[in-house]
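See structure below.
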Amino acid sequence: QVQLVESGGGLVQPGGSLRLSCAASGFTFSSYAMSWYRQAPGKERELVATIARGGGNTNYADSVKGRFTISRDNVKNTVYLQMNSLKPEDTAVYSCNAWKLGHNYWGQGTQVTVSS
């Protein structure tokens with residue numbers, strides 16, 4: 001019943017922007033911190049960004065600081081990842097994750113490809 005559905009991925013040129021969305025259902029969204037992860041072929045999964053359940057605190061991987069912004073809308077039960085100044089090394093499958101003590105839910109992911 002729990003679902004996290006990512007959208008917004010696609011092909012973009014270096015320097016371009018994308019906004020990813022993750023729509024949540026089947027659980028109390030506002031009680032969970034949310035994160036975005038990414039995984040490129042042959043590489044380990046990387047934590048990209050995290051936002052607290054109330055949206056007041058955020059954390060970012062050093063590789064995306066200043067370029068990516070995580071946000072959430074607890075009325076729409078959606079978390080976003082605004083990605084600017086994209087680089088080829090940002091190419092990966094991006095997945096959202098909902099977490100709190102004793103719980104950890106994952107979406108299926110959306111492909112982001114940065115290429116000219």
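Position 1 is the first residue of the sequence, and the numbers go up from there. In this text, all values refer to a predicted model and were calculated from it rather than measured experimentally.
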Between [X] and [Y], is any pair of side-chain heavy atoms under 4.5 Å apart?
X: S71; Y: V79; answer: no
X: T69; Y: L81; answer: no
X: F29; Y: M34; answer: yes
X: R53; Y: R72; answer: yes
X: V93; Y: T110; answer: no
X: Y105; Y: F27; answer: yes
X: S35; Y: L47; answer: yes
X: I70; Y: Y60; answer: yes

So, for [X] and [Y], which heavy atoms are closest and what is the spacing to 0.1 Å?
X: S95; Y: G109; answer: OG-CA, 3.5 Å
X: P14; Y: S116; answer: CD-N, 3.7 Å
X: V112; Y: L18; answer: CG1-CD1, 3.9 Å

Examine distances only and state if a side-chain atom of [X] and a backbone atom of [Y] form a donor-acceptor pair shorter than 3.5 Å.
X: R45; Y: R38; result: no
X: E6; Y: C96; result: yes
X: N74; Y: G54; result: no

Checklist entry - Are V114 and V64 connected, step by step, through hydrophobic side chains (Ile, Leu, Val, Met, Phe, Trp, Tyr) whose heavy atoms are closer than 4.5 Å? => result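 Yes; V64 is reachable from V114 via cluster members.
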Checklist entry - Quick one: do L4 and I51 end up in the same hydrophobic cluster if we chain Ile, Leu, Val, Met, Phe, Trp and Tyr together by side-chain heavy atoms under 4.5 Å apart? => result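 They do share one cluster, since a chain of ILVMFWY contacts under 4.5 Å joins L4 to I51.
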Next on the checklist: By the side chain to side chain donor-acceptor pair (under 3.5 Å) test, which pairs, at least two apart or in different chains, include something from residues 16-34?
Outcome noted: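 Listed once each, the pairs are S17-N84.
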Checklist entry - Take atom NZ in K100; do more than 12 heavy atoms of anything else shown fall under 6.0 Å from it? => result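 Yes, because the 6.0 Å sphere around NZ of K100 holds more than 12 heavy atoms from other groups.
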Item to check | Residues, nucleotides or ligands: over 12 heavy atoms within 6.0 Å of Q3 CD | outcome: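 No.
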Checklist entry - Strictly under 6.0 Å, is that where the ring centroids of W36 and F68 end up? => result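 So the answer is no for these two rings.
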Next on the checklist: Assess, by modelled atom type and distance only, whether the side chains of Q111 and T91 contain a donor and an acceptor separated by less than 3.5 Å.
Outcome noted: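 Checked: Q111/T91 side chains show no N/O donor-acceptor pair below 3.5 Å.
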Checklist entry - Does a salt bridge link D90 with K87, judged by any charged N lying under 4.0 Å from a carboxylate O? => result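 No, this pair does not count.
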Item to check | Verdict with supporting geometry, N97 and N104, side chain to side chain contact (heavy atoms under 4.5 Å, CB included) | outcome: CA-CA 7 Å; N97 169 255; N104 193 11; 2.3 Å; yes
